[in-house]
Amino acid sequence: MVDWMADFYQNIEDLPVKSGMQPGALLHQLPTAAPEKEETQSAIFADFENLILPGMTHWQHPRFFAYFPANGSLPSLLAEMLTATLGAQCMIWETSPAAAELEQRMMEWLRDLIGLPAHYEGVIQDTASTATLASLLTAREKASGWQIRSQGFEGQPVFRVYASADAHSSIDKAVFLSGIGSANLVKIPTDDRFAMDADALAAAIRRDREAGYQPLAVVATFGTTSTTALDPLEAIADICEKEQIWFHIDAAYGGSALLLPEIRPLAKGMERCDSFVFNPHKWMMVHFDCSAYFVRDKESLLRTFEILPEYLKTGSRGQVNDYRDWGVPLGRRFRALKLWYVLRSYGVEGIQQKIRDHIAWTQTVEQWIVDNPQFELLAPRTMNLVCFRWTPAFAPESQWNQLNLALLQSLNASGFLYLSHTKLGGTYTLRLVFGQTTLEFRHVEEAWNFILTTCSALESTFQPLS
Ligand SMILES: *Cc1c(COP(=O)(O)O)cnc(C)c1O
């Protein structure tokens with residue numbers, strides 16, 4: 001099986017990056033009940049190759065340019081093999097002391113690498129969604145003097161949470177899961193760079209106070225999902241400080257870029273947040289899942305999540321970090337090992353070089369788009385994402401949304417590359433993200449040439465709408 005894994009990476013470029021499987025195609029081939037008798041490994045593996053693999057989209061493929069990447073690496077893969085081999089459940093220090101202490105040190109390394117001050121403490125969460133939920137729950141508990149935990153919402157004010165109109169849906173989810181209510185998530189308009197308008201934020205808070213609401217938290221995004229826009233963290237920090245509001249930063253994707261000293265000035269103000277999350281599992285070559293969550297005030301986090309049944313009492317409590325108290329789940333995988341492996345295998349410089357290359361190559365593509373009258377850049381590039389569209393002169397602008405949809409479908413059906421889309425102010429927008437571990441500049445060139453060729457092919461079959 002390990003040989004197969006090595007071959008898979010050797011040959012991955014020849015596989016279709018996006019699965020073309022039709023809905024239900026696998027279900028129709030799977031037995032409706034579990035087998036009564038044991039089956040041979042060779043039979044199971046043959047089915048893996050024949051049934052499962054064709055239905056997989058290859059997230060480690062160098063020409064995967066869709067969404068945001070979940071870029072792994074060989075050191076991370078090897079560490080995951082060790083983690084699975086040990087099969088430990090690392091809920092508390094006692095159930096695997098090394099896992100807890102390695103996690104503590106890895107979070108310190110990461111904190112220093114992204115430029116958060118030394119008084120922040122971190123914990124690995126499964127995803128940014130969970131971290132943001134933990135953040136809003138902590139904000140809620142702190143604001144209520146830990147009353148909601150024990151008494152529910154009776155007698156509490158109506159809390160309000162603020163995020164930009166381009167914030168990730170995990171913010172909406174955290175707001176309703178925490179009982180604050182979707183109606184109390186205030187979406188702040190964005191400016192022409194798709195970043196939160198800080199003046200509009202201040203005005204919304206003022207209006208809410210006048211109306212009797214209690215402003216609770218602002219969630220700023222460093223690298224939005226649609227365009228990697230950067231909310232103005234410094235201005236938002238000023239507002240939160242003045243208004244005494246919790247300040248959470250969702251840097252799920254963009255956080256990895258903070259490993260580059262030249263990017264860090266863009267995040268000025270982050271050193272004043274209450275909590276911060278970024279996903280090494282997106283752009284730092286650490287396998288999914290691994291989300292780094294940092295807080296300024298560890299005690300508030302623990303007070304929000306702590307619960308101590310008799311069967312979890314230990315003699316080491318208080319001297320060590322029991323990470324079960326640092327978030328929602330009790331059980332925890334040993335995730336720190338893959339971070340340790342990646343950081344040591346590449347070194348900080350090796351990781352920085354990858355991220356720097358990705359950004360530089362994206363800059364090149366941005367220039368190709370700007371220089372080509374058949375295309376239009378639709379959002380400022382901040383990192384390694386370009387938002388653009390095809391603007392073919394042979395069709396009226398009213399048909400460009402349709403044509404870009406057709407272009408996307410045609411590109412993705414090819415299996416050669418995979419990209420995704422968003423809508424910006426009603427404009428159908430193509431997104432190309434260059435963040436794969438195995439990406440080389442030749443893949444970037446191949447992809448762009450393939451897009452040009454596909455556009456020409458679509459032009460030759462174009463039929464004007466009557
Ligand atoms: C990817 C992403 C998320 C969600 O991340 P999960 O770890 O999958 O929960 C949240 N916010 C932003 C800005 C993202 O890019």
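When reading the values below, keep in mind they use all heavy atoms of this one structure, side chains included, and skip hydrogens, waters and symmetry mates.
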Just wondering, are more than 12 heavy atoms of other shown residues or ligands nearer than 6.0 Å to OH in Tyr346? yes
Distance-only donor-acceptor check, side chains Asn184 and Tyr162, under 3.5 Å: no
Assess whether atom CZ of Arg264 is packed by more than 12 heavy atoms of other residues, nucleotides or ligands within 6.0 Å. yes
Is Arg332 salt-bridged to Asp126, cutoff N-O under 4.0 Å? no
Can you confirm whether Leu385 sits close enough to Thr362 that some side-chain heavy atom of one is under 4.5 Å from a side-chain heavy atom of the other? no
Does a side-chain N-to-carboxylate-O contact under 4.0 Å join Lys187 and Asp172? yes
Between Tyr253 and Thr228, is any pair of side-chain heavy atoms under 4.5 Å apart? yes
Cationic N near anionic O, under 4.0 Å, Arg389 to Glu397: yes
Check against side chain to side chain donor-acceptor pair (under 3.5 Å), Glu445 and Asn449: CA-CA 6 Å; Glu445 290 177 305; Asn449 288 333; over 6 Å; no
Would you say the side chains of Thr127 and Asp289 form a donor-acceptor pair under 3.5 Å? no
Does any donor atom in the side chain of Trp246 or Ser135 lie under 3.5 Å from an acceptor atom in the other side chain? yes
A quick test of your reading: do over 12 heavy atoms of other residues, nucleotides or ligands sit less than 6.0 Å from CE of Met56? no
Does the side chain to side chain donor-acceptor pair (under 3.5 Å) test come out yes or no for Thr422 and Arg431, once each step is laid out? CA-CA 7 Å; Thr422 187; Arg431 293 169 76 264; 5.7 Å; no
Salt bridge flag under 4.0 Å for residues Arg105 and Glu108: yes
Does atom OH of Tyr67 have more than 12 heavy-atom neighbours from other groups under 6.0 Å away? no
Do you see a donor-acceptor pair shorter than 3.5 Å between the side chains of Thr224 and His168? no
